[in-house]
Novice: 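One structure, as structure tokens, below. Some questions next.
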Protein chains: 2
Amino acid sequence: MATPTLEDVARLAGVSRATVSRVVNGTRNVDPDLQETVRNAIEQTGYTPNHAARSLVTRRTGTVALVISGAGGGSDVFVDPFFGRVTAGVVDFLRTRGVHPVLMLADTDRTRVDVVEFLRQGSADGALLVTTHAAESLPERLLAAGVPTVLYARPGRPMPVSYVDLDHQAGGRLAAARLVELGCTSVGAISGPLDVLASQDRLTGFRDAMARNGFPYVPVAEGGFTAASGHAAMGRLLVEHPEVDGVFAANDLMAQGAVDVLLEHGLRVPQDVAVVGFDDSAPALACRPQLTTVRQPVEAMAAKMAEVLITSLEDPEQRPISVIFEPELVIRASA
Amino acid sequence: MATPTLEDVARLAGVSRATVSRVVNGTRNVDPDLQETVRNAIEQTGYTPNHAARSLVTRRTGTVALVISGAGGGSDVFVDPFFGRVTAGVVDFLRTRGVHPVLMLADTDRTRVDVVEFLRQGSADGALLVTTHAAESLPERLLAAGVPTVLYARPGRPMPVSYVDLDHQAGGRLAAARLVELGCTSVGAISGPLDVLASQDRLTGFRDAMARNGFPYVPVAEGGFTAASGHAAMGRLLVEHPEVDGVFAANDLMAQGAVDVLLEHGLRVPQDVAVVGFDDSAPALACRPQLTTVRQPVEAMAAKMAEVLITSLEDPEQRPISVIFEPELVIRASA
DNA sequence: ACCTCCTTGGAGAGCGCTCTCCAAAGACTC
DNA sequence: GAGTCTTTGGAGAGCGCTCTCCAAGGAGGT
């Protein structure tokens, strides 16, 4: 048996297609008795509205694209707990609005084109773009295609697009203040990739605050936001500055790697070297000692991002919005 | 300007709508010169096929639902690296086929109904269901609704549905063999939630193998697949069996929690107590000492799940398929 | 040269829904 | 009680696409 259509329900209920549509969508007034009849007919036929047909006329799909633009490496972005947290936040908000996210990875030019195509086809109503690299071209492409878009993180070049972001510099300052407070005399930093705005900002904030506290120079080793890269970066730092007694790592994964190296070298954390991480994600708690870290409320930020998109979908005339979140220092054992 | 339609392209190229459609979709032969003309017209108008319209007639959407049925708790399922790995595997395969996953959480009855509705509306072509609890009702609901479905993990009750799974019992046996090989004389197990088939199977396999090796009784503490629950379970085990020198934890997160407790009690791992985890996910590597663990090839399994769904979408007459993966022991430092 | 077969383009009928318009009928005003 | 306004249901025109059918023309067989 073919799936029942509006027509079938209408015939069974003895009304017009329009009336059934009104009952289903709750638009306009429909006589209560008639409504009852229609509902029965729906029940009896097991009718479900066809999404494609509806979508064709309303020009709405009820889905949004959640685009994750890990620069380098395919689907292994998911090993970073960051993306899981973003996903969680987005899903958490969208589900309250009956909207569903379709997950897309944009890591090559080909896939970036796919994303734009996808949106232009009207397969989704808008895009949530989580990108790290400042040079990412998707924001402008999406903008050019007229796709409602919200970014996680400010765009590399100024453009009229909504975004949510963290005050990364403030986060860097928080970390510096903690190390200074602990009386560290020789501090170093493990930064994220420097083509990522957030990395630059965290470092800038950290350096500025250190400078204001009498540390004009801070040695920096660049990492790649992975535990292994943090491990390597800490190793380099240690070779050049064996006297280091305070380290700021630009995310928890790298902090974890750094702690490992320190321990391997027989140094105690935090007694010999204090370590401050960034993000406050799962590794911060799993790490021994547990990490003192700068909290980024990823879930809340992601949820906000979804919220901004939904509102701008409802009112297309709305101007771009930006929401900046404040980081927070979470003191645990490592610093 | 309104978005261009097939009609616009056809008019510009001086051909019929059908011809443009043929060029776009590559169906049937079209004269090369004409093709060229049409392609130019497409280029010129900036035409993109409308997804809803196409979907309405083809009855295909090019998306599948990736349903994650964490029993208890909303979107925090993503803190478990397991789901990130599943997502990665699924995305990795689907992208090669131009199919996109829409992420859905089924944690309440309401959301379960939503999932079924979603599929019945034809918003997606099929469902990938990742569920842990044996009592999950979605498989039968989906089956009843005639939705092509593939499960990650065998269904709680036998039913004609495709699935991929791991030989969890073999995994349990692998862990047992390792502890026996190390000469442990008093072993305990931290199981997963016992309403999860995989937990039961891992435990059964472990117990059977231990029994065959002269350990008729193995004390068990039930955990909940989180680090905290592993911590608590290990604590209980230690109270009742302070002499324990070998532990099998049913996933890495719990193993990590267990190791923490052991260390807190001044016990050395693996010298005093050997610990074997399960999954070989990120925490296994992050843990100090790094975990010896039973590897579950989650990404490959998830990719296979997607593949099975795609093939059954292509051939709806196909009978259910099941694919069982073999676990593997990964020896690191903890055992 | 006639007939058949194959290739290729066009016409047009939907796919299932929403929504604008219109008409009918009841509720008002004065 | 006539005219006006306000409900509420039905008719029907699309939304943009695919795909079946048909016709035209060229190739091949006899």
Side-chain angles (χ1 to χ4, degrees), chain A residues 1-42 45-63 117-125, chain B residues 1-42 45-63 117-125:
Chain A
M1 186 201 72
T3 50
T5 73
L6 250 201
E7 185 79 52
D8 299 326
V9 177
R11 199 176 314 120
L12 184 62
V15 299
S16 75
R17 234 166 38 242
T19 301
V20 180
S21 176
R22 283 167 190 144
V23 171
V24 171
N25 296 295
T27 55
R28 283 214 349 206
N29 272 342
V30 175
D31 185 279
D33 288 357
L34 240 191
Q35 257 183 68
E36 184 60 23
T37 314
V38 170
R39 282 191 208 292
N40 285 337
I42 289 177
T45 54
Y47 169 74
T48 313
N50 178 288
H51 180 251
R54 178 177 279 180
S55 188
L56 179 57
V57 27
T58 60
R59 266 123 214 304
R60 278 308 198 74
T61 65
T63 70
E117 273 306 274
F118 188 79
L119 273 309
R120 292 196 61 212
Q121 289 179 2
S123 299
D125 300 332
Chain B
M1 185 204 73
T3 50
T5 71
L6 251 202
E7 186 78 51
D8 299 325
V9 177
R11 201 176 313 118
L12 184 63
V15 299
S16 74
R17 239 171 29 248
T19 302
V20 180
S21 175
R22 282 167 191 146
V23 171
V24 171
N25 296 296
T27 54
R28 281 209 354 197
N29 271 344
V30 175
D31 184 277
D33 288 357
L34 239 190
Q35 257 184 65
E36 184 60 21
T37 314
V38 171
R39 282 190 208 293
N40 284 338
I42 289 176
T45 52
Y47 169 74
T48 314
N50 178 288
H51 180 250
R54 180 177 277 181
S55 188
L56 179 56
V57 28
T58 60
R59 265 120 217 305
R60 276 308 197 71
T61 66
T63 70
E117 273 306 274
F118 188 80
L119 273 310
R120 290 196 60 210
Q121 288 179 4
S123 298
D125 300 331

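By convention in this document, chain letters (A, B, ...) are assigned in the order of the sequence lines, proteins followed by strands, and residues within each chain are numbered from 1.
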Novice: Using a cut-off of less than 4.0 Å, is there contact between a side-chain N or O of B:Arg59 and OP1 or OP2 of C:dG16?
Specialist: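 It does, given that an N or O in the side chain of B:Arg59 lies less than 4.0 Å from OP1 or OP2 of C:dG16.
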Novice: For B:Gly14 and for A:Glu7, find the nucleotide of DNA chain C with the closest heavy atom, then tell me which residue's nucleotide is more 5'.
Specialist: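 Result of the comparison: B:Gly14.
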Novice: What's the closest nucleotide to the side chain of B:Thr58 if the choices are C:dT18, C:dC17, D:dC19?
Specialist: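 Closest of the options to the side chain of B:Thr58: D:dC19.
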Novice: Using atom CZ of A:Arg11 as one end and atom P of C:dC17 as the other, report the distance to the nearest whole Å.
Specialist: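 The distance from CZ of A:Arg11 to P of C:dC17 comes to 12 Å, rounded to the nearest Å.
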Novice: Any chance you could measure A:Arg120, atom CZ, to B:Tyr47, atom OH, to the nearest 0.5 Å?
Specialist: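 Answer rounded to 0.5 Å: 10.5 Å.
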Novice: Could you check how far CG of A:Leu34 sits from P of D:dT7, rounded to whole Å?
Specialist: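 So the CG-P distance, A:Leu34 to D:dT7, works out to 18 Å.
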Novice: I need the NE2-C1' distance between B:His51 and C:dC17, as an integer number of Å.
Specialist: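 To the nearest whole Å, that distance equals 17 Å.
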Novice: Rounding to an integer number of Å, can you tell me how far A:Arg17 CZ sits from C:dG16 P?
Specialist: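 Between P of C:dG16 and CZ of A:Arg17: 11 Å.
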Novice: In whole angstrom, give the distance that lies between atom CG of B:Leu56 and atom P of D:dC15.
Specialist: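 So the two atoms are 14 Å apart, to the nearest Å.
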Novice: For a quick check under 3.5 Å, do A:Gln121 and A:Ser123 share a side-chain donor-acceptor pair by atom type?
Specialist: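 Short answer, yes.
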Novice: Considering only C:dA11, D:dA11, D:dC17, which nucleotide approaches the side chain of B:Arg22 most closely?
Specialist: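 Nearest nucleotide to the side chain: C:dA11.
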Novice: Can you tell me the distance, in whole Å, between the CG atom of A:Asn25 and the P atom of C:dC19?
Specialist: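 Distance, rounded to whole Å: 7 Å.
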Novice: In this structure, how many angstroms lie between the C1' atom of D:dT18 and the OH atom of B:Tyr47, rounded?
Specialist: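 Going from B:Tyr47 (OH) to D:dT18 (C1'), I get 10 Å.
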Novice: Atom CD of B:Gln35 to atom C1' of C:dT7: distance rounded to whole Å?
Specialist: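 Checked: the CD to C1' distance equals 14 Å.
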Novice: Return the nearest nucleotide to the side chain of B:Arg54; candidates are D:dC19, C:dG9, D:dT18.
Specialist: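 The listed nucleotide nearest to B:Arg54's side chain is D:dT18.
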Novice: Nearest 0.5 Å, what's the CD1-OG1 distance between A:Ile42 and A:Thr37?
Specialist: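 Going from the CD1 atom of A:Ile42 to the OG1 atom of A:Thr37 covers 11.0 Å.
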Novice: Can you identify which nucleotide, out of C:dA11, C:dT18, D:dC17, has its nearest atom closest to the B:Ala18 side chain?
Specialist: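 From the listed options, C:dA11 comes nearest.
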Novice: Using the side-chain heavy atoms of A:Thr19, tell me which of these nucleotides is nearest: C:dG16, D:dG9, D:dC19.
Specialist: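 Selected nucleotide (nearest to the side chain): D:dG9.
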Novice: Quick one: is B:Asn50 getting a side-chain N or O under 4.0 Å of the D:dC15 phosphate, OP1 or OP2?
Specialist: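 No, no such contact exists.
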Novice: Checking the side chain of B:Asp8 only, and the main-chain atoms of B:Thr5 only, is there a donor and an acceptor separated by less than 3.5 Å?
Specialist: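 Yes; judged by distance alone, with no hydrogens or angles, the pair exists.
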Novice: For A:Pro49 and A:Val24, which heavy atoms make the closest approach, and how far apart are they?
Specialist: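 Closest approach of A:Pro49 to A:Val24, heavy atoms only: CG-CG1, 4.2 Å.
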Novice: Measuring from the side chain of B:Ser16 (C-beta onward, heavy atoms only), which nucleotide among D:dG10, C:dC17, C:dA11 has the closest atom?
Specialist: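 Output: C:dA11.
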